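Whatever order the structure lists them in is the order used to number ligands and atoms, beginning at 1. If you're wondering where the values come from, they're calculated on a predicted model, not measured in any experiment.
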Amino acid sequence: MKAAELRKKFIDFFVSKNHAEIKSAPLIPDNDPTVLFTMAGMHPLVPFLLGAPHPAGKRLVNFQKCIRTGDIEEVGDKVHLTLFEMLGNWSIGDYFKEHAIKYSFEFLTSKEWLGLDLNKLAFTVFAGNENAPFDEEAYNTWLSLGVSPNKIAKLEANWWGPAGTTGPCGPDTEMFYWTGSEPTPEIFDPENPLWVEIWNDVFMQYNKNEKGELEKLEHPNVDTGMGFERVVAVLNGFDSCYDTELFVPLFEALDKFRGIEKPSERTSEERIIIDHARAATFIMAEGITPGNKDQQYQLRRLIRRMLGEGHKLGLAQGFALPIAEKVIEMFQVYYPELAKNKEHILATFEMEEKDFSKTLVRGVQMFEKAIQEEKNVQNGVLSGLVVFDLAQTFGFPKEMAVMMAEEKGLKVNLKEFDEAFKHHQDISRGASAPCGLADKKEETTALHTATHLLHQALRTVLGTHVEQRGSHITAERLRFDFSHPEKVSVEDLKKVEALVNEVIQKDMPVICEEMTLDEALQKGAIGLFANKYGEKVTVYSMGDFSKEVCAGPHVTHTGILKSFHIMKEESSSKGVRRIKATVGFVKENA
Ligand code: SER
């Protein structure tokens with residue numbers, strides 16, 4: 001089964017069951033400060049899973065690009081990927097458990113679709129715990145389809161979500177495929193690695209709130225996810241995604257650059273290079289540049305790790321370019337942003353590589369100096385904090401430090417490194433509680449506040465037909481899409497800008513209040529998915545100028561923004577205009 005065929009079959013199957021195909025959302029989540037990257041197909045759909053109506057309807061299907069950087073240290077083995085795609089189907093308050101399972105079963109086993117041998121399939125369902133009961137309905141539905149009870153395991157671990165710290169979650173049922181060459185065992189043992197998970201149906205019955213409590217959702221939803229690369233591997237008899245047609249051409253591009261024949265075995269260095277180059281290419285396709293914070297930091301980290309591995313293999317400069325070009329060529333049909341940003345991607349790889357050579361020279365010097373200091377090395381073990389500092393301050397890769405330490409007969413305290421790293425990640429993720437200001441996300445927070453001011457200023461200047469159609473914030477700028485039938489004139493843009501600046505100069509306090517949705521609407525609060533927050537909502541007011549239903553975070557008073565600048569006004573789609581803008585606070589901190 002070809003990758004393209006699997007992708008198409010999945011979409012076609014669910015379209016034949018009245019699902020609307022929706023586009024993959026960006027990797028950088030819109031307005032979700034609790035995570036850095038879209039990490040599951042359901043993630044961009046959270047507002048809808050919480051009750052907002054989706055414009056495409058109640059049944060959706062798509063493939064979604066996702067990034068998980070939590071496991072980055074594991075990349076290099078045969079299974080871990082930083083960037084992956086997920087095939088998924090959703091019911092937003094439409095069908096539930098029984099239907100979802102029947103669809104999964106039909107897609108997997110019907111000759112018309114994947115036609116997998118039922119004998120090679122096994123399933124897990126939620127066993128129940130103190131929070132929620134055994135998922136009897138899922139269990140019985142599998143039985144009713146002819147699955148043997150020997151092939152269904154009840155596990156407490158069958159629970160999914162939320163994607164960030166809060167959000168929809170619930171019990172799930174997972175589907176496994178037997179990949180052993182010997183006949184399928186009579187009894188399913190989920191611990192046996194030859195049973196590979198291929199699909200996950202999550203039954204989202206709950207919302208985990210800020211207090212960590214599970215609230216029952218009024219309309220339960222279905223969220224399913226099939227790891228695309230893994231399933232392509234399994235269906236083609238490979239035990240690694242890296243052996244599939246999704247990766248082989250990338251390795252070949254690297255072989256060609258190196259002028260070598262295909263080696264009989266791939267090394268972990270090669271896998272890291274391919275994985276990281278692929279992920280970095282996709283991130284840069286969204287216009288992101290490497291930097292020191294958040295997504296930009298993760299991007300730089302990927303590129304640096306990739307360059308470090310290249311250095312180990314003694315690769316010549318520019319080795320990432322043929323890989324990136326191949327990624328763009330292979331995936332542009334599905335993700336047109338790759339081709340659109342090709343120049344930016346290639347130029348950034350080149351620039352980072354030049355910087356990295358300088359970093360290496362400097363890092364090596366700093367490393368030599370650090371190991372001379374007595375406090376840093378004890379009983380032949382180099383402090384992990386030193387290695388973390390080198391990575392953090394100079395971008396000197398951990399792997400390089402470990403390698404150099406080994407050459408000198410030293411070990412590195414990796415536990416210390418991991419702890420420091422984890423701590424840093426927690427801070428930079430800056431999960432925010434409503435009404436609070438997440439301190440490490442000052443730029444995005446300031447821009448979020450500016451978005452509210454812009455929204456209101458547009459309504460004041462252009463009229464109340466202006467409504468938010470989209471919003472996206474990076475550390476550098478805000479992007480705001482709104483309903484308006486024509487180009488906004490230069491005079492009006494100037495008026496809008498001046499109005500926002502006036503409010504900034506008045507240094508109005510930003511007040512956050514909790515109230516019911518009715519109260520909020522009565523007080524004239526605006527907001528996009530006003531009803532997604534349930535009964536109680538948080539309303540942010542900026543003096544008497546703006547009042548908006550929103551989960552925050554915001555700055556404490558408008559003066560923090562310093563000033564407001566519109567950079568661009570353009571068309572987004574029919575009847576929707578787009579403004580990109582930034583604030584003085586961002587410029588000063590850049
Ligand atoms: N959200 C679930 C997962 O990521 C199913 O889509 O596995």
Side-chain angles (χ1 to χ4, degrees), residues 6-7 10-11 13-14 17 19 21-25 27 29 32 34-50 54 58-71 79-97 99-101 103-105 107-108 122-126 132 135 138 153 155-177 190 195-208 214 217 220-234 241:
L6 173 64
R7 198 191 289 274
F10 190 91
I11 303 290
F13 174 78
F14 284 100
K17 307 288 183 195
H19 289 60
E21 184 184 354
I22 56 170
K23 268 196 351 201
S24 174
L27 281 172
D32 180 353
T34 69
V35 282
L36 293 178
F37 292 105
T38 296
M39 39 82 77
M42 54 72 69
H43 192 191
L45 294 170
V46 167
F48 311 103
L49 296 167
L50 288 176
H54 192 289
K58 292 183 168 184
R59 294 174 172 224
L60 310 173
V61 60
N62 82 347
F63 49 85
Q64 170 69 48
K65 49 183 173 173
C66 303
I67 289 230
R68 293 188 189 173
T69 51
D71 281 349
V79 294
H80 281 86
L81 296 176
T82 305
L83 172 98
F84 63 98
E85 291 180 84
M86 235 184 198
L87 302 170
N89 62 285
W90 291 274
S91 155
I92 314 238
D94 191 27
Y95 60 85
F96 200 47
K97 247 171 240 189
H99 254 75
I101 290 178
Y103 284 152
S104 293
F105 186 85
F107 182 68
L108 292 176
F123 310 86
T124 56
V125 298
F126 181 57
D135 197 343
L155 300 179
E156 227 189 281
N158 276 57
W159 186 271
W160 203 91
T165 42
T166 58
C169 54
D172 64 19
T173 181
E174 298 182 351
M175 292 147 258
F176 290 73
Y177 188 69
W195 284 107
V196 176
E197 187 214 319
I198 52 171
W199 202 356
N200 184 12
D201 287 2
V202 185
F203 307 117
M204 302 201 144
Q205 294 168 263
Y206 305 97
N207 175 41
K208 188 170 176 190
L214 296 182
L217 286 177
N221 309 300
V222 174
D223 150 40
T224 92
M226 180 183 272
F228 182 56
E229 295 79 0
R230 193 192 300 179
V231 174
V232 171
V234 165
C241 308

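No side-chain donor-acceptor contact under 3.5 Å links Asn221 and Ser91. At a cut-off of 3.5 Å, with distance as the only test, a side-chain donor of Trp199 or Thr224 sits close to an acceptor on the other residue. Using a 3.5 Å distance cut-off with no hydrogens or angles, the side chains of Trp160 and Asp172 do not pair a donor with an acceptor.
When atom types are taken as modelled, the side chain of Thr173 and the backbone of Asp201 share no donor-acceptor pair closer than 3.5 angstrom.
Near ligand 1, Ala40, Met42, Arg68, Met86, Trp160, Asn200, Val202, Asp223, Thr224, Gly225 each place a heavy atom less than 4.0 angstrom from the ligand.
The 12-atom threshold is not exceeded at NZ of Lys208, counting heavy atoms of other residues, nucleotides or ligands nearer than 6.0 Å.
For Trp195, the ring pair (Phe, Tyr, Trp, His ring centres under 6.0 Å) partners two or more places apart in sequence, or in a different chain, are Trp178, Phe188.
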